[in-house]
Amino acid sequence: MAEPLTTSLQAVFGYSQFRAGQAAALTALERGQDTLAVLPTGAGKTLIYQLYGYRHAGCVLIVSPLLALMTDQVNRMRLAGFRRVAAITSLTSFGERQTILNHLDRYQFLFLSPEMLAQPAMLARLQQLTLSLLVVDEAHCIVQWGPDFRPDYLLLGAIREKLERPLILMLTATADQATQGEIAKQLRTTPTVVTESINRPNIFLDVEHVANQAAKRERLLTLVTQLVFPGVIYFSSKQLASETAQWLRDQTGLTVAAYHAGLSSEDRFKIQQQFMQGDLAIICATSAFGMGIDKNDVRYVIHYHLPADLGSYAQEMGRAGRDGQPSLAVLLYAPGDERLPLTLNQANRPDDATIQRFYAHPQAFSQDDPGVALLTFYQQHGISASAVQALFERRERERARALDQMLAYVHEQRCLRTSWLAAFNESAPTHDQQCCAPASVPLDLAALGLQRKPQAQSPSAAAQPDWLTQLRQLFLSNN
DNA sequence: CGTATCCTGAATACTCAGGATACGGTGCCGTATT
């Protein structure tokens with residue numbers, strides 16, 4: 001299509017200008033270059049493949065990690081006027097699935113999970129189709145989930161070959177150099193990389209060291225009592241997320257809910273809806289809460305446990321302040337907190353002896369064991385025992401390294417933002433009063449304009465000091 | 001692997017030392033049997 005990109009943008013979306021990164025990614029794709037776009041949430045990543053799909057004949061195939069994301073995206077695209085859009089998942093009825101598969105060439109956009117795409121029958125059907133573009137959404141999942149959680153992610157490279165190497169677009173909000181390299185390697189390509197800064201200047205960064213678990217709990221209560229809501233508190237334990245939600249409800253009278261993978265999908269959906277509508281002040285969540293959550297007025301994100309790595313931390317704390325208003329990211333740390341992520345790093349991973357025994361006598365193991373399910377997958381795909389050992393070892397080393405980076409952030413004495421951004425090869429703006437409070441520096445909520453008025457039942461924009469008032473407060477508190 | 005909590009026994013305290021135990025995330029998938 002000879003039409004300029006901006007003409008298409010105007011025609012399809014009615015916008016006159018691209019947002020940062022969109023034009024660069026599209027230009028690379030138009031030149032036929034595989035593209036890895038590392039763009040922050042809200043940068044409009046989906047527009048890139050929507051517009052590409054509009055400009056080119058053939059089907060855009062999108063690999064997405066979550067059913068909820070696919071359903072969401074299909075609905076949103078239909079509302080936006082795209083009609084030839086579908087997702088095929090385990091929730092799709094047999095009849096509907098047949099209808100889609102029988103008229104596959106009528107679809108412009110098709111969403112699949114990596115597991116669904118890996119099914120031989122599905123792949124065979126897709127091989128008959130002309131693909132204009134293969135999109136891997138949330139591409140960091142290849143690295144984060146591939147080796148020891150959702151191994152089908154490691155098949156994408158081979159699947160792409162079987163689809164006769166269509167042009168590929170990899171999308172993610174956070175990927176450091178190592179992650180970018182690993183994504184490219186897995187998909188067997190040398191892509192054009194388009195990146196935008198992941199810095200979020202309106203999020204104040206705070207790390208607080210406490211003496212023990214009891215002190216952490218008390219500090220959490222104090223914060224939650226004083227902070228303007230809504231807020232999200234992240235845990236690495238489902239049980240503690242639930243218990244703390246109940247405890248905070250009792251202690252504060254606020255509306256608090258827990259969100260984790262142990263809940264039914266109905267409950268999860270309901271809680272997410274309530275939170276989006278502003279009916280909940282606080283969510284106590286595990287890492288299950290996040291992808292696809294698009295609420296722009298979250299005022300704070302507190303981490304009660306250490307996130308797995310700085311990339312996850314960027315994603316989770318980045319759910320605060322999407323509206324650009326002053327917001328807060330607190331990381332609470334008690335000595336010994338690194339034990340939990342260390343243990344989780346090994347949770348699904350069978351040790352070398354178990355791998356050997358499994359490869360010798362797979363039938364002696366219970367398929368209910370998640371580690372065994374992984375091994376079954378690898379054995380069925382012809383991966384040798386020693387290759388599996390190497391895979392797990394490598395992943396564990398990466399996780400250990402990521403945890404070390406996380407701890408360096410926790411113990412940073414000077415500027416948290418500098419420490420955080422350095423991991424993504426970015427330099428931070430000059431440190432100032434609105435930047436961060438490392439462990440040795442106390443947090444001043446009033447100065448940030450995030451302190452709840454004792455009388456106010458719910459936060460409103462009017463109740464917050466305007467930015468001039470905040471600036472005055474900053475200058476005064478500086479004396 | 002270490003932290004928090006529960007349990008036990010000695011003692012009979014407005015309890016406590018010391019040992020045992022439980023605990024710790026993320027999701028996709030035809031999938032066969034009562």
Side-chain angles (χ1 to χ4, degrees), chain A residues 63-71 87-95 97-98 101 111-123 137-138 140-156 159 210-217 234-244 258-265 268-269 284-293 303-309 311-313 315-316 333-349 351 367-368 370-371 373-374 376-377 380-381 395-396 399-400 402-403 406:
Chain A
V63 180
S64 171
L66 302 180
L67 303 185
L69 278 185
M70 290 188 241
T71 327
I88 302 178
T89 71
S90 59
L91 304 176
T92 314
S93 71
F94 182 79
R97 182 173 167 156
Q98 288 310 107
L101 285 174
F111 291 81
L112 293 176
S113 69
E115 288 84 359
M116 187 62 85
L117 181 57
Q119 308 240 342
M122 183 62 69
L123 192 56
D137 200 8
E138 309 289 356
H140 59 278
C141 291
I142 295 173
V143 179
Q144 213 170 63
W145 283 356
D148 54 10
F149 184 49
R150 290 177 64 180
D152 290 82
Y153 262 106
L154 302 186
L155 301 177
L156 289 179
I159 285 171
V210 293
N212 53 41
Q213 298 305 312
K216 198 201 275 183
R217 213 167 105 112
Y234 274 103
F235 298 82
S236 300
S237 152
K238 291 182 278 195
Q239 193 181 319
L240 201 61
S242 286
E243 286 171 6
T244 311
Y259 186 102
H260 54 71
L263 304 176
S264 70
S265 53
R268 285 171 65 162
F269 183 75
C284 292
T286 61
S287 55
F289 185 76
M291 270 193 273
I293 308 279
H303 277 76
Y304 197 84
H305 290 134
L306 287 171
D309 51 68
S312 307
Y313 190 50
Q315 295 243 3
E316 288 167 1
Y333 173 82
D337 274 0
E338 54 274 20
R339 298 305 336 163
L340 182 50
L342 271 174
T343 309
L344 288 174
N345 286 353
Q346 299 176 341
N348 279 353
R349 193 206 132 160
D351 58 28
Q367 282 299 317
D368 300 336
L374 267 178
T376 306
F377 178 95
Q380 282 173 356
H381 284 84
R395 178 70 182 130
E396 198 171 317
R399 296 178 95 141
L403 182 58
M406 203 60 237

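Letters A, B, ... are given to chains in the order of the sequence lines, protein chains preceding strands, and every chain is numbered from 1.
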Nearest whole Å is fine: how far is [N] [atom2] from [X] [atom1]?
X	N	atom1	atom2	result
A:Leu112	B:dC28	CG	C1'	12 Å
A:Gln144	B:dG25	CD	P	16 Å
A:Phe111	B:dC28	CZ	P	15 Å
A:Leu69	B:dG27	CG	P	11 Å
A:Glu396	B:dC1	CD	P	11 Å
A:Tyr333	B:dT3	OH	P	10 Å
A:Leu340	B:dA22	CG	C1'	14 Å
A:Phe289	B:dG27	CZ	P	13 Å

If the cut-off is 4.0 Å, is [X] near the phosphate of [N], judged by side-chain N/O to OP1 or OP2?
X	N	result
A:Ser287	B:dT26	no
A:Gln213	B:dG2	no
A:Thr343	B:dG2	no
A:Gln239	B:dG24	yes
A:Ser237	B:dC23	no
A:Arg268	B:dG27	yes

Can you tell me if [X] uses its side chain to pair, donor with acceptor, with the backbone of [Y] under 3.5 Å?
X	Y	result
A:Arg395	A:Arg349	no
A:Tyr153	A:His140	no
A:Thr92	A:Thr89	yes

Whole-angstrom distance between [N] and [M], as gauged at atom [atom1]:
N	M	atom1	result
B:dT33	B:dT26	C1'	31 Å
B:dA20	B:dC1	C1'	16 Å
B:dC14	B:dG18	C1'	22 Å
B:dT15	B:dA11	C1'	9 Å
B:dG30	B:dC7	P	45 Å
B:dT8	B:dA13	P	22 Å
B:dC28	B:dG24	C1'	23 Å

Shortest non-hydrogen separation from A:Leu155 to A:His381 and the atoms involved: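 Minimum heavy-atom separation between A:Leu155 and A:His381: CD1-NE2, 3.6 Å.
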
Nearest non-hydrogen partners of A:Ala261 and A:Thr286, listed with the distance: N-OG1, 4.3 Å

First of A:Arg399 and A:Gly336 reached from the 5' end of DNA chain B, by closest nucleotide: A:Gly336

Earlier contact from the 5' end, DNA chain B, for A:Ile88 and A:Phe235: A:Phe235

Taking any heavy-atom pair under 4.0 Å as a contact, classify [X]: base, sugar-phosphate, or nothing.
X	answer
A:Leu67	sugar-phosphate
A:His260	sugar-phosphate
A:Pro114	nothing
A:Leu66	sugar-phosphate

[options]: which one has an atom nearest the side-chain heavy atoms of [X]?
X	options	value
A:Arg339	B:dT26, B:dC28, B:dC1	B:dC1
A:Met116	B:dG27, B:dC29, B:dC1	B:dC29
A:Lys238	B:dG27, B:dG25, B:dC28	B:dG25
A:Asn212	B:dA4, B:dG27, B:dG24	B:dA4

Look through every strand shown and name the nucleotide pairing with [N] as Watson-Crick or G-U wobble, where both distances are under 3.5 Å.
N	value
B:dT12	none
B:dA32	none
B:dA4	B:dT21

For [N], does the glycosidic angle fall within 90° of 0 (syn) or outside that (anti)?
N	answer
B:dC29	anti
B:dA13	syn
B:dG19	anti

Residue that, paired with A:Tyr333, satisfies side chain to side chain donor-acceptor pair (under 3.5 Å) out of A:His303, A:Glu338, A:Lys216: A:Glu338

Side-chain heavy atoms of A:Tyr313 within contact of A:Leu306, under 4.5 Å: no

Distance-only donor-acceptor check, side chains A:Ser237 and A:His305, under 3.5 Å: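 There is no such pair (donor and acceptor under 3.5 Å, judged by atom type) between the side chains of A:Ser237 and A:His305.
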
Per-pair stack call A:Phe149 and B:dT26, 5.5 Å, 30°: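 Base of B:dT26: stacked against A:Phe149.
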
